[in-house]
Participant: 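Can you read through this structure? Questions will come right after.
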Amino acid sequence: QVQLVESGGGLVQPGGSLRLSCAASGSILSINAMGWYRQAPGKQRELVARITGGGVPNYADSVKGRFTISRDNAKNTVLLQMNSLKPEDTAVYFCNCNAKERGSFYRRDYWGQGTQVIVSS
């Protein structure tokens, strides 16, 4: 089984910055894409940012120019640097990865438990 552990959430003022981290562990053979999703109260879960195994990122239009996703393959981690935060960024942020476990024929999606981000003055 693959486990994802997130950290870095918290309370920040509008215009501030926050960095989220997610580390994958377990019987991992390989990890392909990794990404961050978020869900605000009363809204659907949405993609925030995603990065391929080769390091190619993509972003939701709402965060382009403000957020940066990166990964450290040696540590099986993905980072989300969030700058110029807005109140509408307030949500629970979930880490995701697509990984293949040792002994498995197939890749699967795995999810973290979520970390709360609140942007408020």
Participant: Please report the shortest heavy-atom distance between Ile69 and Pro57, naming the atom on each side.
Facilitator: CG2-CB, 3.7 Å
Participant: Closest heavy-atom contact between Glu6 and Gly114?
Facilitator: OE1-N, 2.6 Å
Participant: May I ask you to test the Leu20-Leu79 pair for a side-chain heavy-atom distance under 4.5 Å?
Facilitator: no
Participant: Can you confirm whether Pro14 sits close enough to Pro87 that some side-chain heavy atom of one is under 4.5 Å from a side-chain heavy atom of the other?
Facilitator: yes
Participant: Surrounding CD of Gln44 (heavy atoms of other residues, nucleotides or ligands, distance under 6.0 Å), is the total greater than 12?
Facilitator: no
Participant: Please round to the nearest 0.5 Å and tell me the distance separating atom CG of Leu80 and atom CE of Met34.
Facilitator: 12.0 Å
Participant: Test side chain to side chain contact (heavy atoms under 4.5 Å, CB included) on Ser62 and Lys86 and set out the steps.
Facilitator: CA-CA 10 Å; Ser62 60; Lys86 304 175 181 180; over 6 Å; no
Participant: So, for Ala91 and Ala40, which heavy atoms are closest and what is the spacing to 0.1 Å?
Facilitator: CB-N, 3.9 Å
Participant: Once you round to the nearest 0.5 Å, how far does CZ of Arg66 lie from OG of Ser17?
Facilitator: 10.5 Å
Participant: Show which side-chain atoms of residues 93-104 pair as donor or acceptor with protein atoms under 3.5 Å away, not counting sequence neighbours.
Facilitator:
{"residue": "Tyr93", "atom": "OH", "partner": "Arg38", "partner atom": "NH1", "Å": "2.9"}
{"residue": "Tyr93", "atom": "OH", "partner": "Asp89", "partner atom": "O", "Å": "2.7"}
{"residue": "Asn96", "atom": "ND2", "partner": "Tyr110", "partner atom": "O", "Å": "3.3"}
{"residue": "Asn98", "atom": "ND2", "partner": "Arg108", "partner atom": "O", "Å": "3.4"}
{"residue": "Asn98", "atom": "ND2", "partner": "Asp109", "partner atom": "OD1", "Å": "3.1"}
{"residue": "Lys100", "atom": "NZ", "partner": "Ser104", "partner atom": "O", "Å": "2.3"}
{"residue": "Glu101", "atom": "OE1", "partner": "Gln1", "partner atom": "N", "Å": "2.4"}
{"residue": "Glu101", "atom": "OE2", "partner": "Arg108", "partner atom": "NH1", "Å": "3.3"}
{"residue": "Glu101", "atom": "OE2", "partner": "Tyr110", "partner atom": "OH", "Å": "2.7"}
{"residue": "Ser104", "atom": "OG", "partner": "Tyr106", "partner atom": "N", "Å": "3.2"}
{"residue": "Ser104", "atom": "OG", "partner": "Tyr106", "partner atom": "O", "Å": "3.1"}

Participant: Would you name the heavy atoms of Ala24 and Ile31 that are closest together and state the gap between them?
Facilitator: CB-CD1, 4.0 Å
Participant: Would you name the heavy atoms of Leu18 and Gly10 that are closest together and state the gap between them?
Facilitator: CD2-N, 3.9 Å
Participant: When you group the ILVMFWY residues by side-chain heavy-atom contacts below 4.5 Å and let the links chain together, are Tyr37 and Val119 in the same group?
Facilitator: no
Participant: With side chains defined as the heavy atoms from C-beta onward, is the minimum distance between Val48 and Phe67 less than 4.5 Å?
Facilitator: yes
Participant: Atom CD1 of Ile28 and atom CD of Gln3: how far apart are they, to the nearest 0.5 Å?
Facilitator: 9.5 Å
Participant: Once rounded to the nearest 0.5 Å, what's the spacing between atom NZ of Lys64 and atom CG of Asn58?
Facilitator: 8.0 Å
Participant: If you measure from CE on Met82 to CH2 on Trp36, what distance do you get to the nearest 0.5 Å?
Facilitator: 8.0 Å
Participant: Specify the closest pair of heavy atoms between Ile51 and Arg71, including all atoms of both residues, with the distance to one decimal.
Facilitator: O-NH1, 3.5 Å
Participant: Out of curiosity, Thr90 OG1 to Leu85 CG, how far, rounded to the nearest 0.5 Å?
Facilitator: 8.5 Å
